Asks: 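Okay, handing you the structure first.
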Amino acid sequence: MGKVLIIGAGGVGTVVAHKVAQNSDVFTEIMLASRTKAKCDAIAEAIGGNKIKTAQVDADNVDELIALFRSFQPELVINVALPYQDLTIMDACLACGVNYLDTANYEPLDEAKFEYKWQWAYQDRFKKAGLTAILGCGFDPGVTGVYTAYAAKHHFDEIHYLDIVDCNAGDHGKAFATNFNPEINIREVTQKGKYWENGKWITTEPHEIHKPLTYPNIGPKESYLIYHEELESLTKNFPTIKRARFWMTFGQEYLTHLRVIQNIGMARIDPIMYNGVEIVPIQFLKAVLPNPGELGENYTGETSIGCRIRGIKDGKEKTYYVYNNCSHHAAYEETGAQGVSYTTGVPAMIGALMFMKGLWRKPGVYNVEEFDPDPFMTALNEQGLPWHEQVNIDLEL
């Protein structure tokens with residue numbers, strides 16, 4: 001049915017490649033490309049059967065991307081590279097008439113900042129070119145947006161309060177490790193918190209607001225209010241929302257390591273001189289930390305991510321909780337990657353599936369909640385991320 005090019009060969013790229021290969025009735029030709037071709041070759045070999053072609057590309061280089069796109073001629077690019085590279089890949093897509101999908105919004109290299117403005121600015125160009133760009137199609141952002149759209153379609157006349165809750169109750173046995181790219185992860189969780197309330201953004205100090213929340217099959221875990229990119233698009237696309245927040249669990253040991261890393265300057269994203277060479281401390285730190293793509297083998301426990309929503313249906317207040325729990329071990333058994341990579345990679349493949357089937361296809365740049373959630377929700381159950389719902393319960397928030 002379609003040719004797809006996956007850019008990025010980390011943990012998420014590993015999962016995307018496995019899941020795309022499992023759906024060969026839809027994805028008829030597959031290529032996996034990254035800066036290091038050997039990583040792509042190893043993933044292709046693990047999948048087996050010559051199902052995936054591989055290539056080397058520097059995703060910071062538009063000309064290299066254009067050359068690869070013209071050579072392979074994909075219908076869709078799944079971008080699971082770094083958020084810094086979103087715009088160069090979108091530029092190459094426009095130059096070559098290729099549709100686009102990613103899992104995380106653009107971040108400038110020199111500033112830790114979540115904002116969709118850079119990608120939303122491509123709306124007219126993609127529309128004029130007749131191309132679709134699907135933004136933020138991981139789990140959070142991604143499935144959380146689809147969950148919200150599904151709730152709005154089937155459970156509420158108006159959504160008033162949205163709390164996205166993300167718990168990783170897994171144990172990888174390392175003293176300190178991040179579950180995805182360390183540089184992006186540390187930039188994300190050390191910035192100030194922010195949430196939407198009564199038409200404006202309220203900023204908090206990092207990890208200032210926290211409380212225990214009870215997660216299905218896991219129990220109570222201390223959860224911290226942080227800012228996450230989907231809050232920006234969801235409050236725009238669902239204007240009845242009075243308050244929207246994002247909560248994530250962190251263990252005390254993780255937070256202690258994080259504070260030390262910040263206090264000694266290793267979280268800095270500005271260059272410094274070391275022995276006559278310019279280095280960025282957080283990039284050096286990334287080089288010495290465990291590779292997130294290699295945490296899966298001994299990872300136990302599970303993740304639990306969902307949306308806790310309060311609003312009005314037929315004139316009465318209603319609460320609704322929709323979530324998925326994902327086992328790290330089961331994810332590793334299927335794809336060789338841990339659960340955090342799995343929960344990001346599977347939705348990226350499903351978004352591509354929606355596009356290839358013509359269900360999520362319209363010229364322009366869109367966040368996932370702007371499409372019909374129903375076929376995506378069906379596919380989640382079929383592709384390894386089954387969801388559960390609870391109605392009129394205490395949301396704890």
Side-chain angles (χ1 to χ4, degrees), residues 10-12 82-84 104-115 140-141 164-195 201-213 220-232 245-295 298-299 301 303 305 328 338-341 344:
V12 177
L82 294 173
Y84 319 134
N105 71 359
Y106 173 73
E107 281 187 44
L109 192 59
D110 59 355
E111 185 181 11
K113 191 178 182 72
F114 288 129
E115 203 167 352
D140 43 350
I164 297 168
V165 293
D166 182 327
C167 171
N168 180 11
D171 181 8
H172 46 53
K174 308 287 185 183
F176 181 82
T178 60
N179 290 290
F180 55 95
N181 183 287
E183 186 179 351
I184 302 301
N185 185 238
I186 292 170
R187 281 168 61 122
E188 172 185 311
V189 301
T190 56
Q191 63 180 305
K192 289 191 174 185
K194 192 168 72 168
Y195 64 97
W201 293 105
I202 297 171
T203 303
T204 70
E205 291 304 309
H207 312 137
E208 175 188 355
I209 297 174
H210 56 94
K211 66 178 295 182
L213 297 175
K221 290 284 183 181
E222 198 67 18
S223 305
Y224 295 80
L225 188 149
I226 66 171
Y227 180 63
H228 224 243
E229 61 212 71
E230 65 261 51
L231 297 182
E232 182 184 14
R245 301 178 295 189
F246 187 101
W247 304 81
M248 184 173 278
T249 61
F250 302 111
Q252 285 307 308
E253 189 174 7
Y254 178 90
L255 290 176
T256 300
H257 275 85
L258 209 55
R259 276 194 296 274
V260 172
I261 286 167
Q262 287 179 281
N263 289 342
I264 64 175
M266 287 305 296
R268 285 174 56 174
I269 63 175
D270 56 312
I272 62 165
M273 293 302 295
Y274 174 73
N275 283 351
V277 178
E278 193 176 79
I279 66 166
V280 176
I282 198 169
Q283 293 178 357
F284 173 79
L285 179 65
K286 173 187 170 183
V288 298
L289 286 175
N291 177 357
E294 296 173 2
L295 293 175
N298 298 307
Y299 217 137
T303 65
I305 313 172
H328 287 292
Q338 36 91 349
V340 176
S341 296
T344 306

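Position 1 is the first residue of the sequence; numbering continues from there. As the structure is a computational prediction, the values presented were derived from the model and not from experiment.
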Asks: Search all heavy atoms of Cys167 against all heavy atoms of Thr249 and return the closest pair with its distance.
Replies: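 Scanning both residues completely, I find the closest heavy atoms to be CA-OG1, 3.3 Å.
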Asks: Applying side-chain contact (heavy atoms from CB on, under 4.5 Å), can you list everything that pairs with Ile202, at least two apart in sequence or on another chain?
Replies: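 For Ile202 the side-chain contact (heavy atoms from CB on, under 4.5 Å) partners, ignoring immediate neighbours, are Tyr195, Glu197.
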Asks: Does a side-chain heavy-atom distance below 4.5 Å link His207 with Leu258?
Replies: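 Side-chain contact under 4.5 Å: yes.
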Asks: Considering all heavy atoms of both residues, which atom of Ala175 and which atom of Glu253 are nearest to each other, and what is their separation?
Replies: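 Result for this residue pair: O-OE2, 3.8 Å.
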Asks: Let me have the donor-acceptor pairs involving side chains of residues 273-289, under 3.5 Å, with sequence neighbours excluded, atom names and distances please.
Replies:
residue: Gln283; atom: NE2; partner: Glu183; partner atom: OE2; Å: 3.4

Asks: With a 4.5 Å cut-off on side-chain heavy atoms, are Thr204 and Tyr227 touching?
Replies: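 Counting from C-beta outward, Tyr227 and Thr204 never come under 4.5 Å.
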Asks: Please give me the minimum heavy-atom distance between Leu225 and Trp247, naming the atom from each residue.
Replies: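 Where Leu225 meets Trp247 most closely, the heavy atoms are N-CE3, 3.7 Å.
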Asks: Could you tell me the separation between the OG1 atom of Thr203 and the CD atom of Glu208, rounded to the nearest 0.5 Å?
Replies: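 So the OG1 of Thr203 and the CD of Glu208 are separated by 10.5 Å.
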Asks: Check whether any side-chain heavy atom of Tyr224 sits under 4.5 Å from a side-chain heavy atom of Met248, and report yes or no.
Replies: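 Result no, sub-4.5 Å side-chain heavy-atom pair not found.
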Asks: For Gln338 and Leu295, indicate whether the former's side chain and the latter's backbone hold a donor-acceptor pair under 3.5 Å.
Replies: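 Checked: no pair found.
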Asks: Can you give me the closest heavy-atom contact between Pro83 and Ala104, atom names plus distance?
Replies: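 Closest heavy-atom pair between Pro83 and Ala104: CG-CB, 4.2 Å.
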Asks: With sequence neighbours left out, what residues match His328 under side-chain hydrogen bond (donor to acceptor under 3.5 Å, both in side chains)?
Replies: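 By the side-chain hydrogen bond (donor to acceptor under 3.5 Å, both in side chains) rule, His328 matches Asn168.
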Asks: State which residues pass side-chain hydrogen bond (donor to acceptor under 3.5 Å, both in side chains) with His210; sequence neighbours excluded, sorted by chain then number.
Replies: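 Once residues adjacent in sequence are excluded, the partners of His210 under the side-chain hydrogen bond (donor to acceptor under 3.5 Å, both in side chains) criterion are Glu222.
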Asks: With sequence neighbours left out, write down each residue that passes salt bridge (charged side-chain N to carboxylate O under 4.0 Å, His left out) with Lys174, or none if nothing qualifies.
Replies: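 For Lys174 there are no salt bridge (charged side-chain N to carboxylate O under 4.0 Å, His left out) partners, ignoring immediate neighbours.
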Asks: Any idea which heavy atoms bring Thr190 and Pro206 closest together, and the distance?
Replies: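 In this case the closest contact between Thr190 and Pro206 is O-CG, 3.5 Å.
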Asks: Could you pull out the closest heavy-atom pair between Lys221 and Ala169, with the gap in Å?
Replies: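 Nearest heavy atoms, Lys221 then Ala169: CE-CB, 4.2 Å.
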Asks: Name the orientation class of the two ring planes belonging to Phe176 and His257 (parallel below 30°, tilted from 30 to 60°, perpendicular beyond 60°).
Replies: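 The arrangement is parallel - the two ring planes meet at less than 30°.
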Asks: Under the side-chain hydrogen bond (donor to acceptor under 3.5 Å, both in side chains) test, which residues partner Tyr106, sequence neighbours left out?
Replies: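 Checked Tyr106 against side-chain hydrogen bond (donor to acceptor under 3.5 Å, both in side chains); zero matches.
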Asks: So, do Ile164 and His228 sit near enough that their side-chain heavy atoms are less than 4.5 Å apart?
Replies: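 The answer is no; the side chains never approach within 4.5 Å.
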